[in-house]
Amino acid sequence: MVGVEVVTVTDRLRNGYDVVVVGGGAAGLSGALMLARARRSVLVVDAGAPRNAPATGVHGLLGHDGIRPAELLERGRAEVRGYGGQVVAGGVTTAARDPEGDSEEFTVNLADGRSVRARRLLVTTGLVDQLPDVPGLRARWGRDVLHCPYCHGWEVRDQAIGVLATGPRAVHQALLFRQWSAEVTFLSHTMAPPAGEEAAQLAARGIGVVGGEVASLEVVEDRLVGVRLADGTTVGLQALAVSPRMVARAGLLAALGLRPAEHPSGLGAHIPADATGRTEVPGVWVAGNVTDLAAQVGAAAAGGAAAAAQINADLVTEDTRRAVALVRAGW
Ligand SMILES: Cc1cc2nc3c(=O)[nH]c(=O)nc-3n(C[C@H](O)[C@H](O)[C@H](O)COP(=O)(O)OP(=O)(O)OC[C@H]3O[C@@H](n4cnc5c(N)ncnc54)[C@H](O)[C@@H]3O)c2cc1C
């Protein structure tokens, strides 16, 4: 299967590939680029819903700060195709060890009914942000409802920022956003108001605390202007910070025995892997948010590239072992 294929008809699939990459976000495309440049036959199957799709720009990415998320990925797809990698739109439903072939191979099933074989899998399917269940909140996600100060903090600097408390890290998040604005309000929402040292920290940084459950968001002319509490009072805001629970999107790996596990940080559930992205299932690597919940675009791309190099090395080892066996057999 080794070789470079220049694909112009992107949807015609081969029977088998050295590597099938599931997910064509920053991690998957970065891995595919490395593999295609390593002269591996590589297929990327991508459902086309990257996590940062609602955002207007990718921030903090050296050399590309502010680039539209869709444009970054379009460039990535072009780069992968430029080296003979194949990128197709679609969803992978399951992946399983190939019962007919070498035990190291997999059958990858697509939602449209097609299937392909792969010697190795790189799974970069990202995660699902489980947002707090407040009416109107989901529609503002990635616009003025935010989670990550490194992604959006600069854009909301000096604005009135509310922090919606839904977990134990809410005080930390409020203290972080205080770095970008002096007008931060801690909304206790469904949590008990902070006490003791945490209350002292918020007070010392000038962060006001508002008790009571947030019932809805106030939006005027497509801009957040505040939140309404259950008792009817309103709090004026320009941005609302939330902490979604982050859960790896990994249903397709269940048949291989890989299921999301609680991340030690308490941020959500991920697919565990070693530092190179190698999972406990031989031949399956993961990269990006599916394993590293905190990875931003740069870290996700780096994870994909690092995993790709390991996969290529693993294939080199296998190719060499097979070649030696053939020589010894007199071929
Ligand atoms: C609102 C918001 C704004 C952000 N802003 C920034 C920012 O400014 N800067 C920054 O560095 N980071 C930002 N991030 C973080 C950024 O989104 C992630 O770091 C990045 O998307 C992780 O890349 P990934 O490749 O791991 O996953 P993703 O980008 O989520 O890509 C995963 C891909 O896999 C596909 N997929 C999933 N399941 C399947 C399947 N079964 N079959 C085929 N394809 C599948 C998905 O459709 C998707 O295209 C932001 C995040 C959010 C939520």
Side-chain angles (χ1 to χ4, degrees), residues 19-35 40 42-53 58 60-61 69 72-73 76 80 91-97 104 106 108 118-130 147-148 150-151 167 169 243-315:
V19 186
V20 170
V21 180
V22 187
L29 291 174
S30 176
L33 180 60
M34 291 286 282
L35 288 160
R40 294 294 176 187
V42 57
L43 170 69
V44 181
V45 184
D46 182 39
R51 184 179 171 215
N52 57 349
V58 179
L61 183 64
L72 180 70
L73 298 184
V80 171
V92 169
T93 52
T94 54
R97 288 248 175 244
E104 287 284 295
F106 301 90
V108 179
R119 296 175 67 192
R120 300 291 183 271
L121 288 182
L122 175 55
V123 177
T124 56
T125 43
L127 60 77
V128 175
D129 288 291
Q130 295 180 340
H147 72 305
C148 162
Y150 302 103
C151 305
R169 294 175 64 86
S243 292
R245 179 174 155 77
M246 299 184 274
V247 179
R249 202 188 279 115
L252 71 112
L253 290 173
L256 288 166
L258 284 174
R259 289 187 176 77
E262 274 308 299
H263 193 273
S265 66
L267 294 172
H270 74 141
I271 297 293
D274 72 11
T276 71
R278 187 191 299 261
T279 69
E280 64 187 29
V281 174
V284 181
W285 272 259
V286 287
N289 278 163
V290 73
T291 184
D292 182 356
L293 302 177
Q296 291 189 264
V297 170
Q310 293 297 320
I311 292 171
N312 182 53
D314 195 45
L315 288 170

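Numbering starts at 1 and runs along the sequence shown.
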Gap separating the [atom1] atom of [X] from the [atom2] atom of [Y], nearest 0.5 angstrom:
{"X": "Arg120", "Y": "Gln310", "atom1": "CZ", "atom2": "CD", "result": "12.0 Å"}
{"X": "Ser243", "Y": "Gln130", "atom1": "OG", "atom2": "CD", "result": "13.0 Å"}
{"X": "Leu267", "Y": "Met246", "atom1": "CG", "atom2": "CE", "result": "4.5 Å"}
{"X": "Leu61", "Y": "Gln296", "atom1": "CG", "atom2": "CD", "result": "9.0 Å"}
{"X": "Asp292", "Y": "Leu127", "atom1": "CG", "atom2": "CG", "result": "9.5 Å"}
{"X": "Leu122", "Y": "Ile311", "atom1": "CG", "atom2": "CD1", "result": "4.5 Å"}

Can you find a pair of side-chain heavy atoms, one from [X] and one from [Y], that are under 4.5 Å apart?
{"X": "Val290", "Y": "Arg249", "result": "no"}
{"X": "Thr124", "Y": "Val21", "result": "yes"}
{"X": "Leu315", "Y": "Val19", "result": "yes"}
{"X": "Thr291", "Y": "Pro272", "result": "no"}
{"X": "Arg40", "Y": "Asn312", "result": "yes"}
{"X": "Leu252", "Y": "Thr125", "result": "yes"}
{"X": "Val297", "Y": "Asn52", "result": "yes"}

Nearest heavy atoms of [X] and [Y], plus distance in Å:
{"X": "Pro260", "Y": "Ala250", "result": "CG-CB, 4.3 Å"}
{"X": "Arg259", "Y": "Ala254", "result": "NH2-O, 3.7 Å"}
{"X": "Ala308", "Y": "Met34", "result": "CB-CB, 3.6 Å"}
{"X": "Leu73", "Y": "Ala26", "result": "CD2-N, 3.8 Å"}
{"X": "Val44", "Y": "Ala32", "result": "CG2-CB, 3.4 Å"}
{"X": "Gly257", "Y": "Glu280", "result": "O-OE2, 4.3 Å"}

Partner of Leu253 under side chain to side chain contact (heavy atoms under 4.5 Å, CB included), chosen from Leu258, Thr94, Val281: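 For Leu253, the side chain to side chain contact (heavy atoms under 4.5 Å, CB included) test succeeds with only one of Leu258, Thr94, Val281, which is Leu258.
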Short side-chain to backbone donor-acceptor contact, Asn289 and Ala295, under 3.5 Å: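 Side chain of Asn289 to backbone of Ala295: a pair is present.
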Short side-chain to backbone donor-acceptor contact, Thr279 and Ala273, under 3.5 Å: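 Between the backbone of Ala273 and the side chain of Thr279 there is no qualifying donor-acceptor contact (under 3.5 Å).
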More than 12 heavy atoms of other groups within 6.0 Å of Glu262 CD: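 Yes.
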Residue pairs involving residues 275-309 (criterion ring-ring contact (aromatic ring centres under 6.0 Å, His included); sequence neighbours excluded):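 Not a single pair qualifies under ring-ring contact (aromatic ring centres under 6.0 Å, His included).
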